Amino acid sequence: MSRVIGRRHLAAMALMGIGMTACGGGHDGGAPTAKATVSRGTEQNARMLSQQQLEDAVVDVHDLPGVQVEEVGAGTKGVGNGVIHAARRTNTNPSLCAPVSAAVDGASGYTPVGSVQRVAGRKGHSAILTLVSYHSADAARVISELRAALKSCKGYTAGPMKVTYEDIEATNHPPQGDDGVAFRLKLAMQPGENGLKLPVSVIAIRHGSTLAIYKTASDSPGTSASIPSDLVDAQSKVLDSTVHSTP
């Protein structure tokens, strides 16, 4: 077995997430799990990226030599662009895990301005890359609510298929961007204490009012899921340059 799930499997995971966040609009109406703390200077100096600007900001071979970037559902027009929607809190049980559940799918409880989702990385080591642009301070609220939820959320089920994640824990704070959260969890493929559980890793980084979410999964219960650090570094540099540049 390969160390990390292949590109086709990552694309399938992304499509599953798209289906789970396909319904929604505005904030989900539930009370925020935490009061967001916003850096006023950072927010005021950052550009709110449009759908086209997000698509143009996706990392390429000029930013990371050897990188391979594929649209989710290659060959299907439009899949991977503008697919992220506000996630409903009621789709997750318990609801306190809603910010975590949404982040796993590259979403949040807030309506985005635009979004792109790709499978990206060098050969043999890829991740699902989701870039989401938000209005004003919503991006900061997403990170704040996610950080608060990770303090108490240990497992949840989500969506009509009752996808189950367990053993959730926050990991080291990512150094890139204006703020960020990283965590790991396990996708329960089989029920029961001894059932098959696949490790999953997620990093969410805020660049102004744009979020970059990276997710990957291992194909073996005993192997950790490793997000390509070179991908995170290269994409972060592109976003920092884009959101903080003069229009």
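Worth knowing before you read on, the calculation uses all heavy atoms, side chains too, and leaves out hydrogens, waters and symmetry mates. Keep in mind the model is a prediction, meaning the values are calculated, not measured.
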Atom of [X], atom of [Y] and distance for their closest heavy-atom approach:
{"X": "S201", "Y": "I227", "answer": "O-CD1, 3.6 Å"}
{"X": "H125", "Y": "P228", "answer": "O-CG, 3.4 Å"}
{"X": "P112", "Y": "A86", "answer": "CD-N, 4.2 Å"}
{"X": "A234", "Y": "L64", "answer": "CB-CB, 3.9 Å"}
{"X": "V61", "Y": "G66", "answer": "CG1-N, 4.4 Å"}
{"X": "T171", "Y": "F183", "answer": "OG1-N, 3.5 Å"}

What distance separates [X] [atom1] from [Y] [atom2], expressed to the nearest 0.5 Å?
{"X": "L49", "Y": "L54", "atom1": "CG", "atom2": "CG", "answer": "5.0 Å"}
{"X": "L211", "Y": "S108", "atom1": "CG", "atom2": "OG", "answer": "7.0 Å"}
{"X": "I203", "Y": "S236", "atom1": "CD1", "atom2": "OG", "answer": "9.0 Å"}
{"X": "L96", "Y": "K154", "atom1": "CG", "atom2": "NZ", "answer": "10.5 Å"}
{"X": "R141", "Y": "H135", "atom1": "CZ", "atom2": "NE2", "answer": "12.0 Å"}
{"X": "Q117", "Y": "L129", "atom1": "CD", "atom2": "CG", "answer": "8.5 Å"}

Query - V132 vs I213, side-chain contact (heavy atoms from CB on, under 4.5 Å): CA-CA, chis, key distance, verdict - result: CA-CA 8 Å; V132 189; I213 301 96; 4.2 Å; yes
Query raised in the report: Out of V104, L198, D167, which residue meets the side chain to side chain contact (heavy atoms under 4.5 Å, CB included) rule with L185?
Result: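 Passing option: V104.
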Query raised in the report: Hey, mind stepping through R122 and D230 against salt bridge (Lys or Arg N to Asp or Glu O under 4.0 Å) and telling me if it holds?
Result: CA-CA 9 Å; R122 289 176 171 172; D230 55 356; 3.3 Å; yes
With the side chain counted from C-beta on, respond yes when [X] and [Y] share a heavy-atom pair under 4.5 Å apart, and no when they do not.
{"X": "Y134", "Y": "V113", "value": "no"}
{"X": "Q51", "Y": "N81", "value": "yes"}
{"X": "D179", "Y": "R147", "value": "yes"}

Report task. Sequence neighbours left out, what passes salt bridge (charged side-chain N to carboxylate O under 4.0 Å, His left out) with D60? Give chain and number order. Result ->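 Applying salt bridge (charged side-chain N to carboxylate O under 4.0 Å, His left out) to D60 gives none.
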Sub-3.5 Å donor-acceptor pair from the side chain of [X] to the main-chain atoms of [Y], do we have one?
{"X": "R206", "Y": "G208", "answer": "yes"}
{"X": "S115", "Y": "I84", "answer": "yes"}
{"X": "Q235", "Y": "V59", "answer": "yes"}
{"X": "H173", "Y": "V181", "answer": "no"}
{"X": "R89", "Y": "S95", "answer": "yes"}
{"X": "S218", "Y": "T223", "answer": "yes"}
{"X": "H244", "Y": "H207", "answer": "no"}
{"X": "K215", "Y": "I128", "answer": "no"}
{"X": "S101", "Y": "A158", "answer": "no"}
{"X": "T92", "Y": "P94", "answer": "no"}

Could you check whether [X] pairs with [Y] (Lys NZ or Arg NE/NH1/NH2 to Asp/Glu carboxylate O, under 4.0 Å)?
{"X": "K197", "Y": "E166", "answer": "yes"}
{"X": "D63", "Y": "K237", "answer": "no"}
{"X": "R184", "Y": "E169", "answer": "yes"}

Is it possible for you to say whether [X] and [Y] belong to one hydrophobic cluster, with membership spreading through side-chain heavy-atom contacts below 4.5 Å?
{"X": "V69", "Y": "V232", "answer": "yes"}
{"X": "V83", "Y": "V163", "answer": "yes"}
{"X": "V202", "Y": "L187", "answer": "yes"}

Report task. With sequence neighbours excluded, tell me which residues meet side chain to side chain contact (heavy atoms under 4.5 Å, CB included) with S50. Result ->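 With sequence neighbours excluded, S50 shows a side chain to side chain contact (heavy atoms under 4.5 Å, CB included) to Q52, Q53, given in chain and number order.
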Requested in this report: Consider only side-chain N and O atoms of Y214 and T130, and report whether a donor and an acceptor are under 3.5 Å apart.
Outcome: no
Query raised in the report: So L239 and L131, side-chain contact (heavy atoms from CB on, under 4.5 Å) or not? Walk me through it.
Result: CA-CA 9 Å; L239 285 175; L131 306 182; 3.9 Å; yes
Report task. Tell me, with the steps shown, if L146 and V100 meet side-chain contact (heavy atoms from CB on, under 4.5 Å). Result -> CA-CA 6 Å; L146 175 58; V100 179; 4.0 Å; yes
Query raised in the report: Pairs in or reaching into residues 142-164: which pass ring-ring contact (aromatic ring centres under 6.0 Å, His included), with residues at least two apart or in two chains?
Result: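 ring-ring contact (aromatic ring centres under 6.0 Å, His included) check on residues 142-164 returns Y156-Y165.
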Report task. Check step by step if side-chain contact (heavy atoms from CB on, under 4.5 Å) holds for I168 and L150. Result -> CA-CA 8 Å; I168 300 168; L150 285 168; 3.7 Å; yes
